[in-house]
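Read the structure below first, then the notes.
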There are 4 protein chains.
Amino acid sequence: MRGHLTGGGARGDVRGGGVHHGNRHGRSEQARQAVLDAADNLLVERGFAGVTIEGIAARAGVAKQTIYRWWPSKVDVLMDAFIEDMAQELTPAEHGDLGADLRVHLGKLADFLTQSDSGAVFRALAGQAQHDPDLAARLRTDYLGRQRDRDRLPLLRAVERGELSPDLDVDAAVDQLVGPIYYRVLVTGDPVPPAFTDQLVHQFLTLHAH
Amino acid sequence: MRGHLTGGGARGDVRGGGVHHGNRHGRSEQARQAVLDAADNLLVERGFAGVTIEGIAARAGVAKQTIYRWWPSKVDVLMDAFIEDMAQELTPAEHGDLGADLRVHLGKLADFLTQSDSGAVFRALAGQAQHDPDLAARLRTDYLGRQRDRDRLPLLRAVERGELSPDLDVDAAVDQLVGPIYYRVLVTGDPVPPAFTDQLVHQFLTLHAH
Amino acid sequence: MRGHLTGGGARGDVRGGGVHHGNRHGRSEQARQAVLDAADNLLVERGFAGVTIEGIAARAGVAKQTIYRWWPSKVDVLMDAFIEDMAQELTPAEHGDLGADLRVHLGKLADFLTQSDSGAVFRALAGQAQHDPDLAARLRTDYLGRQRDRDRLPLLRAVERGELSPDLDVDAAVDQLVGPIYYRVLVTGDPVPPAFTDQLVHQFLTLHAH
Amino acid sequence: MRGHLTGGGARGDVRGGGVHHGNRHGRSEQARQAVLDAADNLLVERGFAGVTIEGIAARAGVAKQTIYRWWPSKVDVLMDAFIEDMAQELTPAEHGDLGADLRVHLGKLADFLTQSDSGAVFRALAGQAQHDPDLAARLRTDYLGRQRDRDRLPLLRAVERGELSPDLDVDAAVDQLVGPIYYRVLVTGDPVPPAFTDQLVHQFLTLHAH
DNA sequence: TGGTAAACGAGACGGTACGTCCCGTCTTAGA
DNA sequence: TCTAAGACGGGACGTACCGTCTCGTTTACCA
């Protein structure tokens, strides 16, 4: 799944096979993909400052104007690349057991943030968002909000199963579970091993599980 | 008021009183201060991207070379301005009671991060650090390390007083106490009211206090 | 008469009234006219550099491709507009008297070059022709050659009437009569009043008339 | 020595030998010369449209900003290059005989306009001046006015010697002598051989010499 | 009378050059 | 010896047009 920006495949569709080059009835999917790939690669290879519109255009074999036509700035390109890359949705699996659910989910989250290319893009975007309120808003809408929904899922299911009290402040619980992970990733730069996430889960269960 | 960080006149001294413009006897304190003020103001007024060496120089009435002579880059200027401004050291007071110590300290930390000008500078630097490993390292050395030391203080004192077990993993405890705060500040952008920090403390005490 | 590019009304004809939009049997006269008008207006309003294919297309309500389909470049559009506008052919009248013929003809030529809109287009084209040999060649073929033929007419008639010697170098004579006029128009920018052209005629007659 | 445009060697001077790179007390003569040379060469090699600020900068090994700092546009660069190149001032020699003076002078003028590199630059500038009133004005001030003064010199000397009447309209005479030459150069594109200029002189003498 | 082919509007595309901003380096004259 | 001033080579910015290329529609002719 990709391209909520494409305006719904309707526009970007290539009807009869055969690559098209863009016209009034739709943009070039080929160019779009080349731009996102180039941006991604540049970020990984050269860091955030190494991502420039000119560099993306050159590497993607695309005209600068084509980038400006569809994205307001380089962070928007990276944002799209990020959304695009987040194929694996980090949706928590269900094991019928809160402890297992949380341990697996937080471990995956930590890996995503610290090990994956997408995680690198996220860290760059989160950094930029500190001095770019618009990006901050969009990041929250397009990623963090959805991610938080996924983070809450194991807890809600446990409430339904009766493992957790219906009175639990779910939002606060999420803050306490994932907060320390993001803190290590964005602030201290310490690694986030399973031991760390498992301990978070352990203490959470100690406090809240029957 | 500023400049407890000047290194104790040693560097910036002006011997005979009277403003000087820099000479064989040392750098101009006047120029140094003007640069830091200008950087600070520009950050507040125009955001991180609005802070440029040329802009600082123009506003400070200083030559670019003077900036390059003393600071390697604009983030170093901001770093100095940040350290300079951090007058209140966020050193936790001692009330002889862990709960009180933690509640007051986390509340102050939250206020610092979300309300103060220095906090704004910190957020900008933390953002930049996501794509600037040198800055990240320096930020950890010059601020975060010291801040973490201060964050541990209440816990260490409680251990000494016997309020906490000597087996406590202090680092993990700090992560769980301040992590959610930084998470809100840097990631979700949610406010961090006393209710939030107080709850963090409450749950920590539930888990660890005798 | 207009439009050697139209290939003779044969192609462009719209038989039964009613606007058409072009089809396999002919181009749209409407579009052609809109393009020439737009080019003309843009030249007068914004100067040569202000005439762009995109600008013409936008103002004419025509697609760029329609322009490129029929004209190789913007100077060709202007060339057509120029030819189109040159309704009055500057054909010298015959008064049976060389002096009168020349005075009237040179006066008209001067007025055309300095006062008329067509003259402005000509000056622009002549300017461009200095760095565009193709345009220069075409300007000579389509305008200057014909104009020179007209310029020679009074002299040839005077030779026939016996007012001028059959040995006269007619080309050199034309150079000397119109050269100073174009010199003022294109080089010095001085006005070209009747007194100036009359003096040219007077001196020419002094030298060559019996 | 060159460069009346340098603002008088005062600014551009390099005092103690040793190339300098420009500073508050003067611009870089080295850069200035490289720009003018590059512009000149590009014009000759690739024509007027082939002269671009980027091209000049690249060939001269100079930053675009350095060009924009000192010249408003590419035609100003070419103008300077033209003035610079016009080392040979086309000042008419004095033979004590009007016929000889004029024949030699007009022959040199024709050669300059049709054969020399500077002549090519002049034609390009004259062309551009047709759609650039500012350039037209500057061309008249900095070149044509001075050239006309030189063109008048043989006539004024002949008046003093008594070869021509003091009542002669010198300006009109110049128009008639050089007008046909510029006409051929800028309008018809015909060559301007000595036979042509000699005939101009012959007819002028027939009319005006005692 | 319906198929079809040319011309049309629209506009996306890969490009080039524009003129501007800021970078970090350098050279100077004055205090 | 430090400063203010500012010219320099460089790189990226965002914009304007270039000339080419589909698209889907309109329209007149001919089968």
Side-chain angles (χ1 to χ4, degrees), chain A residues 15 18-28 30-31 49 52-55 57-58 60-70 72-74, chain B residues 20-28 30-31 49 52-55 57-58 60-70 72-74, chain C residues 14-16 18-28 30-31 49 52-55 57-58 60-70 72-74, chain D residues 14-15 18-28 30-31 49 52-55 57-58 60-70 72-74:
Chain A
R15 238 59 54 105
V19 165
H20 79 121
H21 297 269
N23 54 41
R24 73 192 291 195
H25 304 287
R27 61 192 283 193
S28 164
Q30 199 183 8
T52 65
I53 299 284
E54 301 225 320
V62 141
K64 276 165 58 177
Q65 188 56 48
T66 297
I67 301 180
Y68 284 111
R69 189 158 20 232
W70 301 109
S73 74
K74 78 170 184 179
Chain B
H20 78 119
H21 295 268
N23 55 36
R24 67 164 70 174
H25 304 292
R27 67 191 282 196
S28 161
Q30 197 185 9
T52 66
I53 297 285
E54 302 225 322
V62 143
K64 277 164 59 177
Q65 189 56 45
T66 299
I67 301 179
Y68 283 111
R69 188 150 31 226
W70 301 108
S73 73
K74 78 169 184 180
Chain C
V14 178
R15 238 56 60 109
V19 164
H20 79 118
H21 294 269
N23 55 41
R24 71 197 294 192
H25 304 287
R27 65 191 284 196
S28 162
Q30 198 185 10
T52 66
I53 298 285
E54 301 226 322
V62 142
K64 276 165 61 178
Q65 188 56 44
T66 299
I67 301 180
Y68 283 110
R69 189 155 23 230
W70 301 109
S73 74
K74 80 169 183 179
Chain D
V14 179
R15 239 58 57 103
V19 165
H20 80 120
H21 297 268
N23 56 41
R24 73 191 290 195
H25 304 287
R27 63 192 281 193
S28 165
Q30 200 182 6
T52 65
I53 297 285
E54 299 224 320
V62 141
K64 275 165 58 178
Q65 188 56 48
T66 298
I67 301 181
Y68 284 110
R69 186 151 31 227
W70 301 109
S73 74
K74 79 171 183 177

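Computed from a predicted model, the values in this text were never measured in an experiment.
In terms of position along DNA chain F, the nucleotide closest to Ala31(B) lies nearer the 5' end than the nucleotide closest to the other residue of the pair Ala60(D) and Ala31(B). Nucleotides of DNA chain E nearest to Val62(A) and Gly55(D) differ in position, and the one nearer the 5' end is that of Val62(A). Residue-to-nucleotide proximity on DNA chain E shows that, of Ser73(D) and Ser73(B), the 5′-proximal contact is made by Ser73(D).
The side chain of Ile53(B) lies closest to dC23(E) when the candidates are dG9(F), dA4(F), dC23(E). Comparing dC21(E), dG9(F), dA4(F) by their closest approach to the side chain of Gln65(D) singles out dC21(E). Among the nucleotides dG24(E), dC18(F), dG9(E), the one closest to the side chain of Tyr68(C) is dC18(F).
Going from atom NZ of Lys74(B) over to atom P of dC23(E) covers 7 Å, rounded to whole Å. For the pair Glu54(C) CD and dT15(F) P, the interatomic distance rounds to 15 Å; values are reported in whole Å. If you measure from atom NZ of Lys64(B) to atom C1' of dT25(E), you get 9 Å, rounded to the nearest angstrom. The CD1 atom of Ile67(C) sits 13 Å away from the P atom of dT20(F) (whole-angstrom rounding). Atom pair Arg27(A):CZ and dC13(E):P shows a separation of 7 Å (rounding to whole Å applied).
Residue Trp70(C) has no polar side-chain atom (N or O) positioned under 4.0 Å from OP1 or OP2 of dA6(E). For the OP1/OP2 pair of dT3(F) and a distance below 4.0 Å, the side-chain nitrogens and oxygens of Arg69(B) include at least one atom meeting the criterion. Look at Thr66(B) and you'll find a side-chain N or O under 4.0 angstrom from OP1 or OP2 of dA4(F).
Here the CD1-CD distance, from Ile67(A) to Gln65(A), works out to 10.0 Å after rounding to the nearest 0.5 Å.
Heavy-atom minimum distance, Ala57(D) versus Ala63(D): CB-C, 4.3 Å. In terms of heavy-atom proximity, Ser73(C) sits nearest to Ile53(C) at C-CD1, 4.4 Å.
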